[in-house]
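Computed over heavy atoms, backbone and side chain alike; hydrogens, waters and symmetry mates excluded.
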Amino acid sequence: MKVLVTGASGFVGSAVVERLAQDGTSVRAAVRRPLPALPPGVDEVNIGNLDATTDWSAAVDGMDAVVHASARVHVMRESAPDPLAEFRRVNVAGTVALARASAAAGVKRLIFISSIKVNGERTLPGRPFTADDAPRPLDPYGVSKLEAERALLEVAAQTGLEVVIIRPVLVYGPGVKGNFLSMMRWLSKGIPLPFGAVRNRRSLVARENLVDLIVVCLRHPGASGQMFLVSDGKDLSTSALMRLTANGLGRPARLLPIPVAMLRGAAMLVGRSRFADRLCGTLQVDINKTLQRLDWSPPFSAEESLARTARHFLAEAAGTIGTTSDPE
């Protein structure tokens, strides 16, 4: 099998490229800028910016499958005057252009890395999102991912291209950036954190588990035309997540039992309500469809994945390894 991976310099895409290369799969990496290094045997193709005008012909030529991990990702501090239009330009129009070029080139299957934000932002405790729930995206990023999913299914119906949609929850792993990296920095310094009383539930997915599912979806006959949710299969409270991560860092978790209502009130006063929602709110997913239809289970536990992420953070902080690529 010959596989094109888009977003090959990103957090997920780079791991997909590495895993496929290790498995002996012929891989072509689509990037917007040249990579400093590639696994042996991996070809590289520069596709420039992702939008409706992107020329995918050279990238998809001769490929059997595509893993589409490139996207305009969720932006914490948005600067675009019309965020939804910008997300649509990249995530919808760019994805449709890739799908049509793939179908024209005879590509059999396209794996689309979507987002749990298509389902929504939060769930009630014990009532997780399922693969059959009606989508309820609440921000421009989630809206653009839903529109891309629907456009891909239209292309599939018109051309016969097999489309597989994966909606991950928060992805973490060695080299993770954003709020997860900030959390590890706080914990490594022993800073007291006011989350000891948070008893929410959050579904997370280790990058290695997501990549393993992507590899399964490339070949499994039951994946075609389906949408799958993915997680580690174990939901954690914010306080439990911090304790497990601190343990991996070899540090005590100094978590103060501040009432959640006080946390939310303080966050509102400083304009960080959405940040508080992510730390204190619940978001769970039910992955039973993924497990049963694909006869798959996450190969790595949350505990060992968090420990691996923490070890990488420590090694990187010590300067014994280089930094990883930024998400694309």
Side-chain angles (χ1 to χ4, degrees), residues 74 76-77 115-117 119-130 133 136-139 141-142 167-173 176-207 209-210 229-287 298 300-311 313-314:
H74 181 62
M76 296 299 296
R77 293 177 177 83
S115 169
I116 195 59
K117 281 181 169 288
N119 287 74
E121 298 288 340
R122 61 188 62 87
T123 60
L124 295 174
R127 296 182 61 181
F129 287 134
T130 73
D133 286 342
R136 291 185 176 87
L138 298 178
D139 68 2
Y141 173 68
R167 294 180 189 163
V169 289
L170 174 67
V171 185
Y172 69 94
V176 66
K177 305 296 183 183
N179 290 333
F180 208 103
L181 175 59
S182 297
M183 178 190 72
M184 289 193 289
R185 286 173 175 161
W186 299 334
L187 293 170
S188 69
K189 294 175 180 177
I191 296 173
L193 299 171
F195 304 114
V198 178
R199 298 290 182 265
N200 61 343
R201 286 290 181 269
R202 304 289 295 191
S203 296
L204 309 172
V205 63
R207 180 174 58 175
N209 286 335
L210 173 57
L229 306 185
V230 59
S231 76
D232 289 335
K234 179 176 182 177
D235 300 338
L236 300 171
S237 66
T238 296
S239 55
L241 170 64
M242 290 185 172
R243 290 190 178 97
L244 285 171
T245 305
N247 185 62
L249 293 168
R251 303 284 292 181
R254 304 182 188 277
L255 304 180
L256 306 178
I258 307 300
V260 171
M262 290 182 62
L263 287 177
R264 290 186 180 277
M268 185 179 298
L269 288 175
V270 297
R272 301 298 301 276
S273 294
R274 294 183 66 184
F275 181 65
D277 285 342
R278 285 189 290 272
L279 287 172
C280 302
T282 287
L283 194 158
Q284 296 174 279
V285 297
D286 180 341
I287 61 170
F300 301 100
S301 70
E303 289 82 358
E304 63 183 312
S305 298
L306 288 168
R308 187 182 300 112
T309 303
R311 288 194 299 269
F313 170 83
L314 292 173

Side chain to side chain contact (heavy atoms under 4.5 Å, CB included) with Ser239: which residues, sequence neighbours excluded?
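Side chain to side chain contact (heavy atoms under 4.5 Å, CB included) list for Ser239, sorted by chain: Arg199, Ser237, Arg243, Leu255.
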Does Leu279 offer a backbone N or O that forms a donor-acceptor pair with the side chain of Thr238 under 3.5 Å?
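The answer is yes, because a donor-acceptor pair under 3.5 Å joins these two groups.
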Can any side-chain N or O of Glu121 pair as donor or acceptor with the backbone N or O of Pro137 at less than 3.5 Å?
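No, Glu121 side chain to Pro137 backbone: no donor-acceptor pair under 3.5 Å.
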Would you say the side chain of [Y] lies within less than 4.5 Å of the side chain of [X], judging by non-hydrogen atoms?
| X | Y | value |
| --- | --- | --- |
| Thr245 | Thr309 | no |
| Arg201 | Pro125 | no |
| Leu314 | Leu249 | yes |
| Leu283 | Val169 | yes |
| Asn209 | Val230 | no |

Just jot down the salt bridge (charged side-chain N to carboxylate O under 4.0 Å, His left out) partners of Arg202, sequence neighbours excluded, or say none.
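Expected list: none.
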With sequence neighbours left out, write down each residue that passes side chain to side chain donor-acceptor pair (under 3.5 Å) with Ser231, or none if nothing qualifies.
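Once residues adjacent in sequence are excluded, Ser231 has no partner under the side chain to side chain donor-acceptor pair (under 3.5 Å) criterion.
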Would you call Lys234-Glu303 a salt bridge at under 4.0 Å N-O?
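A salt bridge links Lys234 with Glu303.
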Dump the intermediate steps for side chain to side chain donor-acceptor pair (under 3.5 Å) on Thr130 and Asp133, then the final yes or no.
CA-CA 5 Å; Thr130 73; Asp133 286 342; 3.0 Å; yes
Do Phe300 and Arg308 pass the side chain to side chain contact (heavy atoms under 4.5 Å, CB included) test, and can you show the C-alpha distance, the side-chain angles, and the key distance before you say yes or no?
CA-CA 10 Å; Phe300 301 100; Arg308 187 182 300 112; 3.6 Å; yes
Nearest 0.5 Å please: distance from the CG atom of Leu204 over to the CD atom of Gln284.
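Reported value, rounded in 0.5 Å steps: 11.0 Å.
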Hydrogens and angles aside, do Asn119 and Arg167 bring a side-chain donor and acceptor to less than 3.5 Å of each other?
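Indeed, the side chains of Asn119 and Arg167 share at least one donor-acceptor pair under 3.5 Å.
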Per the side-chain contact (heavy atoms from CB on, under 4.5 Å) rule, which among Thr282, Asp235, Leu236, Leu241 passes with Asn200?
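Going through the options one by one, the only one that passes is Thr282.
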Counterpart residues, ring-ring contact (aromatic ring centres under 6.0 Å, His included), relative to Tyr172 (two or more places apart)
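Phe180.
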Which side-chain N or O atoms in residues 184-197 pair as donor and acceptor under 3.5 Å with protein atoms at least two apart or in another chain?
residue: Ser188; atom: OG; partner: Met184; partner atom: O; Å: 3.2
residue: Ser188; atom: OG; partner: Arg185; partner atom: O; Å: 2.9

Summary of salt bridge (Lys or Arg N to Asp or Glu O under 4.0 Å) pairs that have at least one residue in residues 252-269, sequence neighbours excluded:
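As it turns out, the salt bridge (Lys or Arg N to Asp or Glu O under 4.0 Å) pairs with a partner in residues 252-269, which skip direct neighbours, are Arg264-Asp277.
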